[in-house]
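Worksheet for the structure shown next.
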Amino acid sequence: MDALIHTKLAPPMWMGNQIRRDLLLARLDAALERRLTLIQAPAGYGKTSLLSQWKDRLDLHAVRVAWLTLERDDSDLRRLTRYIVCALDGAGPHDGEEGEHLAAALPPRAAVSAIVNRLAQESRRVVLILDDYHRAESPEVDTFVRALIQLAPEHCHFIIASRDYPWLGQSILAAEEQLVELTADDLKFAAHEAEALLARFHGEGLSGDDVRNIVERTEGWAIALQLASLSLKRGADHRRLVEEFHGPSSDLARYLSEQVLMTMPAETQEIVLRTALLDRLTGDLVNLLCDRQDGWMILERLEEQGVFLTPLSAERKAYRYHQLVAEHLRDRLARRDAAQFRALHRRAAQWFAQRGETAEAVNHAIQANDDAMLATILEDAGGWRLIPLGHQAMVERGLGKLPAALVAARPRLALARVYLEIKRGEMATARTDYDRFFAEAEAAGLSADQWTEIRVVGDVLADYENEPVTLDDLLARESLLRTLPANDHLVLANISETLGAKYFEGGWLERALEPTIAAREHYLAMGSLYSDVFTRFLEARIRQAQARMKDAAAILAATREQIEANFGPRSDLAANCAAFEAELLYEQDQPAAALALLDWAMPHMELSDGWTDVYTAAYCTAARAEASEGTLDAAQAILARARRLAGRRRLRQLDLRAALCELDLLIQYGDDPAAVAEAAEALDLDALADRGEEDSTVHRPVVTAARLCRARMALTCGDHAAALADLQKLRRWAAQHGAGRLLIDANILLAFGHRAAGDTAKARACFDDAVGTAMFQNIARPFIDQRRFAEPLLSEALGGTAQLDRFRAQFLKGIARSLAARPVAGPAPGLLSDAEAEILQHLGFGYSNKEIARLIGMSPDTVKYRLKSVFRKIGVHKRRDAVRVLRERGLISDGAGQPAA
């Protein structure tokens, strides 16, 4: 019974054929320069595998490596010393027997001396690896090993792998720079390592996204990835692989049961099962769920024991379990005792709700299957108020669990349902539900505060529907603001923001700024960055309408940085910001850059929350940019998409704006007067344009766009008097409202009308006004889009005898260069634009997008978008096919095949 097990003196035989961990192996090389290397991580993180790899790569002629895998019986010091001596002397069944028996006969202190003396006789470096140290750990063993580490000669190095965190004098060694530590975070598999592991067993079909999803799900846990690879070997569908990694029948569940739960004392098992219900664990929550008073000490003990528990910060103020472990433990408790499972979740929900941690409270109330508690938590936290604070997903999840009758019976929850429908773009359903709730509320005798909340949600709905309001309506809202409590920041912010948006829509730009800034201050007081972003969008739109493009661009750039940092670069907010930034890029005559930005943003916006302004900016900018690139058909297709979306979401103004944009493009680029007349008739253009006679905010952007279209049609047909009448009213209105951007368009057209009517002085004055408003803000696009009206005036300004100031001359020459580089108004004479042709010559030489961008001074995104445009024109999808087709058509050189030397 006393015989030693010599297989413990080498790594397990199954350690072969493992994924190489080169970065970790390089870090382990430092073990030869340090006294102690400690590898501490829970089961299944690959500690033994890593050490086996490292041992195999050492030069055993220069380094003497002694390996010992410990077991529970090795906590007996006499047995442990025998194994250590045997490991140092040799792995054979008879090697080192004399030293083994000598060590066995000595007391611990004398055994330390005997081992140290033996180490001193070794001429090579010596590395002693103690694997699975946690199995034999005891105070006596710790003292013995600590003494061995301290007294061993300088050429000796110790590596200890353990699930628990042993105390072996690390603080002193760390101070002397004699300590290397590797933890579970260090041992996690990176994506490229996981890909190599999973690809071994018929996993070649896994995409990069598949691998990333599996790594994210397993958190790089080696045993979970190993089990995944075995599942692939058995023929598992990789698309379902990760989702199957829980439940009592899985390989992982069996592993956890054997390696984690079954090795724990019964009391510890119960603590772990209960506390695994929580995503974030503190000592107070341990006390709550386990009816204890020593929660923090319990957490420290569990962490030391390596129970897959990870601190969430260096201060160790909170912990969490590995997600796969937690899921297994939760499922185990639910199957063992469903009543206890729900009761513990109910207890946690109440605890979090009392502390205002609504998201956690909602999650636990759902798990507790307690509808009344869930409804109360959501209502007490604010109901609909949670959505503009950025908690839409939480409210959606909570309401989705509740019966419809329970939601309808609680005003804030009923309003939350309407608000969610608004945010999902389900305007018809939102209007129906709101009107029904409003009618029921009138008979319910609600309080004044409740009626204020009902009106706020109604205003939000009307704002998204883009319902017209009058100036009297807006003044009444201003009066309402003065009656509300000064500390109800959410209600005040919502009313102020809606007020600013309606003033903007009506064209009262300066008046729109004050409530917009006020709304921002309320959102900041609440700490709601999510809602504040929308006030910044609105402020940027106001500045743009004032022709203060640089201010608008600066606001959007700062907002984009905040969005990317807090919500992600491909979030809904990022897509909205991209739409507004693309519009500014187009105004500065960068249509390809605008299209590159909208290429990802528009599909994202179609599937998420949006409102008329952001959709109009995206679709109309994309359409104008496509038309400017010579693809009028593509522009019309984009506007058709906009009108379909407008129909689905009941956005009447978006439908009109898209139709007017298409009419404007037909006037600019089309060659069919009948098509222009037909489009104008379908819109009832005269009726829309004449709405401007009314002193109201009825779809002011639509009225303005309609009147500009009518003026352009009149100028094109030679009806200068009618055009001038419309344009003079537009200019007068724009001047009164500070609408600088509209003034540019109106003055360009007025200049052409006066010139055609023979009044050159007025023509020159109007054109000078347009240039003066545009040049310092680099608003070049109005002159290019209206080239048939602007070009004669531009030529006269540059070729006249009057002296131009330096800034004006520079601006006008830049516009002239842009016009010279573009085809004349009407359909493009050739298939490709000059910019596209230039890119394609480089494409024919085999250059990448980045190389082409560097050669011609464009951004890679712009190059990418222009290539996509070309591919669409010639009906191909791949670069090589494009080169072949374009050579066949003679559009690029036949000899373009290799980069020039």
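Everything numeric here is computed off the predicted structure, so don't read it as measured data. Sequential numbering from 1 along the given sequence is applied to the chain's residues.
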Pair [X] + [Y]: basic N to acidic O under 4.0 Å:
X: Arg336; Y: Glu270; value: yes
X: Asp131; Y: Lys8; value: no
X: Glu33; Y: Arg125; value: yes
X: Glu122; Y: Arg124; value: yes
X: Asp279; Y: Arg330; value: yes
X: Arg292; Y: Glu267; value: yes
X: Glu357; Y: Arg280; value: yes

For [Y], does its backbone N or O pair with a side-chain atom of [X] as donor and acceptor, under 3.5 Å?
X: Gln170; Y: Leu168; value: yes
X: Asp74; Y: Ala136; value: no
X: Arg35; Y: Ile149; value: yes
X: Asp294; Y: Met297; value: no
X: Asp291; Y: Asn287; value: no
X: Asp59; Y: His61; value: yes
X: Arg146; Y: Trp167; value: yes
X: Arg34; Y: Glu177; value: yes

- Query: Which heavy-atom pair separates Cys156 from Leu119 by the least distance, and what is that distance?
  - Reply: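 Residues Cys156 and Leu119, closest heavy atoms: SG-CB, 3.7 Å.
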- Non-hydrogen side-chain atoms of Leu80 and Leu77 separated by less than 4.5 Å: yes
- Hey, are the side chains of His364 and Gln350 touching, using non-hydrogen atoms and a 4.5 Å cut-off?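 When only atoms from C-beta onward are counted, Gln350 and His364 do not touch, as no gap falls below 4.5 Å.
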- Message: Once rounded to the nearest 0.5 Å, what's the spacing between atom CG of Leu24 and atom CG of Leu28?
- Response: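 If we round to the nearest 0.5 Å, Leu24:CG and Leu28:CG are 7.0 Å apart.
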- Message: Under the rule for side chain to side chain donor-acceptor pair (under 3.5 Å), what residues qualify as partners of Thr183, not counting sequence neighbours?
- Response: Asp186
- Under the side chain to side chain donor-acceptor pair (under 3.5 Å) test, residues paired with Gln562 that sit two or more places apart: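 Residues passing side chain to side chain donor-acceptor pair (under 3.5 Å) with Gln562: none at all.
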- How are the rings of Tyr530 and Phe567 set to each other: parallel, tilted or perpendicular (split at 30° and 60°)? perpendicular
- Item | Ile172 CD1: over 12 foreign heavy atoms closer than 6.0 Å | no
- Establish, yes or no, whether the cationic atom of Arg163 lies under 6.0 Å from the six-membered ring centre of Tyr45 and within 45° of the ring axis.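 So Arg163 doesn't make the cation-pi contact.
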